[in-house]
*Asks:* 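Handing you a structure now.
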Amino acid sequence: MDEFYVEIGRRIRRLRKRQRWTQAELAERADISTSFLGHIERGSRKLSVETLNRIALALNCSADALLGTGLEAQLDLPLLLAVAAERLEEGRDGGQEQP
């Protein structure tokens with residue numbers, strides 16, 4: 001798998017989970033199949049610019065944020081919140097071992 005597409009998929013999954021949406025809900029909003037969205041989130045299928053844009057619109061973020069490029073991506077609040085929430089959740093679940 002191409003690491004570039006794996007990272008895009010991770011960003012999409014984080015934002016989808018932050019919205020508390022299932023894959024089916026996001027897929028419907030982006031007008032793609034649930035199966036295809038699953039492949040995108042795993043990075044096992046490439047997506048077109050059109051599909052990337054539809055997913056970004058559904059998630060209310062920029063395509064840059066999903067690509068991880070540019071200043072906008074670094075300052076994208078929904079993505080930052082999703083990452084922070086994920087890290088907090090990992091800490092609560094004991095995801096990080098203490099020395």
*Asks:* Compare every heavy atom of Leu66 with every heavy atom of Ile8, then report the nearest pair and how far apart it is.
*Replies:*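 Closest pair (atom of Ile8, atom of Leu66, distance): CG1-O, 3.6 Å.
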
*Asks:* Distance from Arg42 atom CZ to Leu37 atom CG, nearest 0.5 Å?
*Replies:*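 It is 9.0 Å, given to the nearest 0.5 Å.
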
*Asks:* State, to 0.1 Å, how close Arg18 and Ala85 come at their nearest heavy-atom pair, and which atoms those are.
*Replies:*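 Smallest interatomic distance, heavy atoms only, reads NH1-CB, 3.7 Å.
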
*Asks:* Sequence neighbours excluded, which residues qualify as side-chain contact (heavy atoms from CB on, under 4.5 Å) partners of Glu25?
*Replies:*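 Once residues adjacent in sequence are excluded, the partners of Glu25 under the side-chain contact (heavy atoms from CB on, under 4.5 Å) criterion are Trp21, Thr22.
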
*Asks:* Is any side-chain heavy atom of Ile40 closer than 4.5 Å to a side-chain heavy atom of Ile32?
*Replies:*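 Touching, per the 4.5 Å side-chain cut-off.
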
*Asks:* Find the distance between CG (Leu59) and CG (Leu15) and round it off to the nearest 0.5 Å.
*Replies:*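 Separation between the atoms: 5.5 Å.
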
*Asks:* Taking everything shown except Glu86 itself, do over 12 heavy atoms lie less than 6.0 Å from its CD?
*Replies:*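 Enclosed.
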
*Asks:* About how many Å separate CG of Leu67 and CG of Leu52, when rounded to the nearest 0.5 Å?
*Replies:*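 Between Leu52 CG and Leu67 CG, I get 5.0 Å after rounding to 0.5 Å.
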
*Asks:* Quick one: pull up CD in Gln19 and CZ in Arg29 and give me the separation to the nearest 0.5 Å.
*Replies:*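 Output value for this atom pair is 7.5 Å.
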
*Asks:* Check Arg16, Arg14, Arg11, Arg10 against Glu41 for a side-chain contact (heavy atoms from CB on, under 4.5 Å) and give me the one that passes.
*Replies:*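 Of the listed residues Arg16, Arg14, Arg11, Arg10, the side-chain contact (heavy atoms from CB on, under 4.5 Å) partner of Glu41 is Arg16.
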
*Asks:* Rounded to the nearest 0.5 Å, how far apart are NZ of Lys46 and CZ of Phe4?
*Replies:*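 The NZ atom of Lys46 sits 10.0 Å away from the CZ atom of Phe4.
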
*Asks:* Could you tell me whether the side chain of Glu50 reaches within less than 4.5 Å of the side chain of Asn53, counting heavy atoms only?
*Replies:*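 No, side chains not in contact.
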
*Asks:* Which heavy-atom pair separates Ser62 from Ala56 by the least distance, and what is that distance?
*Replies:*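 Taking Ser62 first and Ala56 second, the nearest heavy atoms are C-CB, 3.8 Å.
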
*Asks:* What are the two closest heavy atoms between Phe36 and Thr51, and how far apart are they?
*Replies:*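 Taking every non-hydrogen atom into account, CE2-CG2, 3.9 Å.
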
*Asks:* What's the separation between atom CG in Leu26 and atom CZ in Arg54, rounded to the nearest 0.5 Å?
*Replies:*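 Separation between the atoms: 11.0 Å.
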
